[in-house]
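So that the names make sense, note that chain A is the first sequence line, chain B the second, and so on, each numbered from 1.
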Amino acid sequence: MANQSDLMDKLTSLAKRRGFIFQSSEIYGGLGSTWDYGPLGVELKRNVKSRWWRDVVTAREDVVGMDAAILMHPRVWEASGHVEQFHDPLVDDRNTKKRYRLDHLLEAQDREVIEHLSKDLVDRPVEGNVDVHTITGIVEAIMDQADRVNLNDYGILADGKEADWTIPRQFNLMFKTFIGSSEESGVEAYLRPETPQGIFVNFLNAQATARAKLPFGIAQLGKAFRNEITTGNFLFRTREFEQMEMEFFVRPAETAEWLEYWSQARLEWYVALGIRRQKLRVRPHSQEELSHYSKATNDVEYEFPFGWGELEGIADRGTYDLDQHADYSGKKLTWFDPDTNEHIVPAVVEASAGVDRTVLTILTDAYHEEEAPKAGGEGVEQRVVLRLSPDLAPITVAVFPLVNRDGMPELARKIVDDLRGDFAASFDAGGSIGRRYRRQDEAGTPFGITVDGQTLEDQTVTIRDRDSMEQERVSIEKVKEYLRGKTG
RNA sequence: GCGGGUGUAGUUCAAUGGUAGAACACCAGCUUCCCAAGCUGGGUACGAGGGUUCGAUUCCCUUCACCCGCUCCA
């Protein structure tokens, strides 16, 4: 097994070498924390997404899908709480390397400090007690002229100690953009920081047209954007990412049991993708961790080389979102319960997963280095193999002529052409047969079909299993049946 | 954004104030009846910009990217 500390490096290198993941805009020096999916990566990612869609939407009677635009009315993000929650003015203390929220920092200062700041920046004496408005006013004034205000002039202490402050920075987690071709006349808008709001604002549309009754879910899959303060760990935290989200609407009294149900169901989904169960866990959030919208949240986590990381959050959002949107839009967002003859605001249990994180998990979990026999059967050498589930692997089956003569390449091509359409099939005649097997091992291809001398006599081929490296002889006409039996 | 580290072929690494080399990978051909074999040939790099210098991949500055922390979340 690979050394844990450099596993991510090896994975990044393999991902590039084999065409899974490339750094974005690489020829221009790269763009921070953005990654592109290559020929193999896009197939893997597509397989993940369609598997999710099948398991969460198509295969279920109680979930429907939708696909909202990335751009939404700016008021959506006021209602959702993101405008309020996603703006933090932060400063760093160079002495201790610690970071503080400016408002929290000011609240902890002595009155003289606040008075000094208020006099200089707000041009107003502090009357009575120092309250939230005073603090907010000062924060705004500081941020308005952040380049000119030196916080070190005011004796602001960090946990009671003298500090060396950086220029305060506004950390705005939402991407701003303009709708309209000129910025002056354009309406300011945001790239969505999460996908569920598109579901909440369409609650009535989707519910009514699907004629859905509680409990039921609405799912969607799509990109979201956040100006993360700190990105990193390869695909794990990026500014542009893709989410698979399902909002399950239930009677408010039933949220606890549905939270439990979805937490288990979602954990099992990752196990079904072939991820080792012992590397997965469901972890409930502590009170302090809970988001502004959630009463209870469970995270499905995977143990990465860099520690446990969240793949999916299953959250009880209560009636927060529908209440907020009803409030801000002035529209009633209720459902009529025929059992009780009441209009109720449904509560929501959300299952929100990251596509890119799932891909990263699959690659991490599948990566293995092991001993393999050398040519001629003498000695061993290292091989790198991605043990991807046959349902997820970008290439399901590769077809090779054992040697490039006697009509073997032609027959192999005929076989691979016949397989295409039913399976992701690939042809390879380059180098020795051993090299081709290894190449496919690194790509995670579960099956290798080889046309050899015997094939020309009895129309059978060998099918090699990626993990055991053992071969079975199967007649050409039974190949599809064989592969179907091994894949979903 | 702050602190620390790193940046040379596709990958992993080397060397040098006088403009770069290896291994593996890759491509073409030959060979090869089963696990990165062999032979021949081939292409590909000093992250970007500026400065010092007769001359910079090498020294300096800036910037960009990646890794490790601080913080946040899918």
Side-chain angles (χ1 to χ4, degrees), chain A residues 5-6 8-10 12-14 16-19 22-34 86 88 90-101 164-171 173 193-196 223-224 226-238 241-245 289 291 299-300 306 309-313 315 350-358 360 372-378 380-384 400-406 408 430-442 448 450-456 462 464 466 469-471:
Chain A
S5 61
D6 57 26
M8 293 310 290
D9 287 340
K10 288 180 173 181
T12 311
S13 163
L14 173 76
K16 178 172 186 189
R17 192 153 31 89
R18 288 296 169 206
F22 308 127
Q23 187 175 17
S24 165
S25 314
E26 194 187 24
I27 62 170
Y28 287 100
L31 180 67
S33 118
T34 39
F86 267 49
D88 290 336
L90 303 175
V91 280
D92 295 289
D93 174 9
R94 293 194 187 91
N95 291 342
T96 60
K97 319 281 182 243
K98 282 191 74 175
R99 165 171 292 168
Y100 297 84
R101 259 180 72 167
D164 181 10
W165 298 112
T166 61
I167 293 171
R169 300 262 317 162
Q170 183 77 258
F171 283 83
L173 278 323
E194 60 168 28
T195 55
K223 294 257 183 163
R226 289 179 198 172
N227 268 316
E228 294 290 345
I229 299 165
T230 307
T231 57
N233 287 325
F234 197 22
L235 296 181
F236 189 76
R237 186 174 296 111
T238 54
F241 58 101
E242 198 155 11
Q243 294 184 305
M244 305 181 281
E245 305 222 44
E289 279 181 277
S291 322
D299 282 350
V300 177
F306 50 82
E310 178 188 354
L311 303 182
E312 175 157 356
E350 158 186 287
S352 169
V355 177
D356 312 271
R357 284 184 179 184
T358 304
L360 180 62
K374 281 182 96 128
E378 283 185 30
V380 291
E381 64 191 348
Q382 193 191 55
R383 80 161 177 157
V384 170
F400 323 109
L402 184 58
V403 291
N404 286 310
R405 55 175 157 79
D406 302 338
M408 291 180 205
S432 70
I433 188 69
R435 177 185 300 273
R436 287 175 249 154
Y437 285 146
R438 290 289 191 275
R439 206 157 23 212
Q440 295 300 329
D441 287 343
E442 277 200 342
T450 302
V451 170
D452 60 11
Q454 191 179 331
T455 310
L456 305 174
T462 60
R464 171 201 185 250
R466 176 196 63 206
M469 293 184 277
E470 281 169 9
Q471 296 177 310

Inset, instruction - Could you check whether A:F236 gets within reach of a base, just the sugar-phosphate, or nothing at all, counting any heavy atom under 4.0 Å? - result: base
Legend entry - N/O donor-acceptor pair, side chain A:R17 with base B:rC24, under 3.5 angstrom: no
Legend entry - Nearest-angstrom distance, C1' atom, B:rU19 to B:rU58: 11 Å
Legend entry - For B:rG43, the Watson-Crick or wobble partner whose two distances fall under 3.5 Å: none
Legend entry - Watson-Crick or G-U wobble partner of B:rA36, both distances under 3.5 Å: none
Legend entry - Phosphate OP1/OP2 of B:rA25: any A:R438 side-chain N/O under 4.0 Å: no
Inset, instruction - Answer yes or no: does a side-chain N or O of A:R435 lie under 4.0 Å from OP1 or OP2 of B:rC35? - result: no
Inset, instruction - Report which part of the nucleic acid A:F22 touches: base, sugar-phosphate, or nothing (heavy-atom distance under 4.0 Å, all strands). - result: nothing
Inset, instruction - May I ask you to say what A:G453 touches in the nucleic acid, namely base, sugar-phosphate or nothing, with a heavy-atom cut-off under 4.0 Å? - result: base
Legend entry - Strand partner of B:rG21, provided both Watson-Crick or wobble distances fall under 3.5 Å: B:rC13
Inset, instruction - Once you apply the 3.5 Å cut-off to both distances, tell me the Watson-Crick or G-U wobble partner of B:rU6, or none. - result: B:rA65
Inset, instruction - Give one of base, sugar-phosphate or nothing for A:R466, where a contact means two heavy atoms less than 4.0 Å apart. - result: nothing
Inset, instruction - Have a look at A:T450 and say if it touches a base, only the backbone sugar-phosphate, or nothing, with a 4.0 Å heavy-atom cut-off. - result: base
Legend entry - Side-chain donor-acceptor contact under 3.5 Å, A:D452 with A:T455: yes
Inset, instruction - Both distances under 3.5 Å, Watson-Crick or G-U wobble: report the partner of B:rC59, or none. - result: B:rG51
Legend entry - Nearest to side-chain heavy atoms of A:N233, which nucleotide of B:rA65, B:rC34, B:rC68: B:rC68
Legend entry - Contact under 4.0 Å: A:R439 side-chain N or O vs B:rC26 OP1/OP2: yes
Legend entry - Nucleotide nearest A:Q23 (side chain, heavy atoms from C-beta), chosen from B:rA74, B:rU31, B:rC66: B:rC66
Legend entry - Nearest to side-chain heavy atoms of A:E442, which nucleotide of B:rU12, B:rG10, B:rA36: B:rA36
Inset, instruction - Determine, for A:R17 against A:E442, whether the closest basic-nitrogen to carboxylate-oxygen distance falls under 4.0 angstrom. - result: yes
Legend entry - Candidates B:rA74, B:rA36, B:rA37 - which lies nearest the side chain of A:S432: B:rA37
Legend entry - First of A:R436 and A:Q382 reached from the 5' end of RNA chain B, by closest nucleotide: A:R436
Inset, instruction - Answer with base, sugar-phosphate or nothing: what part of the nucleic acid does A:L311 contact at a heavy-atom distance below 4.0 Å? - result: sugar-phosphate
Legend entry - Selection from B:rA36, B:rC73, B:rC33 that lies nearest to any side-chain heavy atom of A:R237: B:rC73
Legend entry - Between CZ on residue A:R357 and CD on residue A:E310, distance to nearest 0.5 Å: 6.0 Å
Inset, instruction - Assign A:M244 to base, sugar-phosphate, or nothing according to its heavy-atom contacts below 4.0 angstrom with the strands shown. - result: nothing
Legend entry - A:T238 side chain, from C-beta outward: closest of B:rC34, B:rC26, B:rA74: B:rA74
Inset, instruction - Would you mind classifying the nucleic acid contact of A:T462 as base, sugar-phosphate or nothing, using non-hydrogen atoms under 4.0 angstrom? - result: base
Inset, instruction - Please state the C1' separation for the pair B:rC60 and B:rU52 - nearest whole angstrom. - result: 7 Å
Inset, instruction - Provide the distance between the two C1' atoms, one in B:rU53 and one in B:rC39, to the nearest whole Å. - result: 48 Å
Inset, instruction - Find the distance between OG1 (A:T195) and CZ (A:F241) and round it off to the nearest 0.5 Å. - result: 8.5 Å
Legend entry - Nearest-neighbour nucleotide for the A:F241 side chain, B:rC33, B:rA74, B:rC34 considered: B:rA74
Legend entry - Between CD on residue A:Q243 and CG on residue A:D356, distance to nearest 0.5 Å: 9.5 Å
Legend entry - Sugar-phosphate only, base, or nothing, as touched by A:S352 at under 4.0 Å among non-hydrogen atoms: sugar-phosphate
Inset, instruction - Return the nucleotide paired to B:rC70: Watson-Crick means purine N1 to pyrimidine N3 with N6-O4 or O6-N4, wobble means G-U with N1-O2 and O6-N3, both under 3.5 Å. - result: B:rG1
Inset, instruction - Check every strand shown and say whether A:Q471 touches a base, only sugar-phosphate, or nothing at a heavy-atom separation below 4.0 Å. - result: base
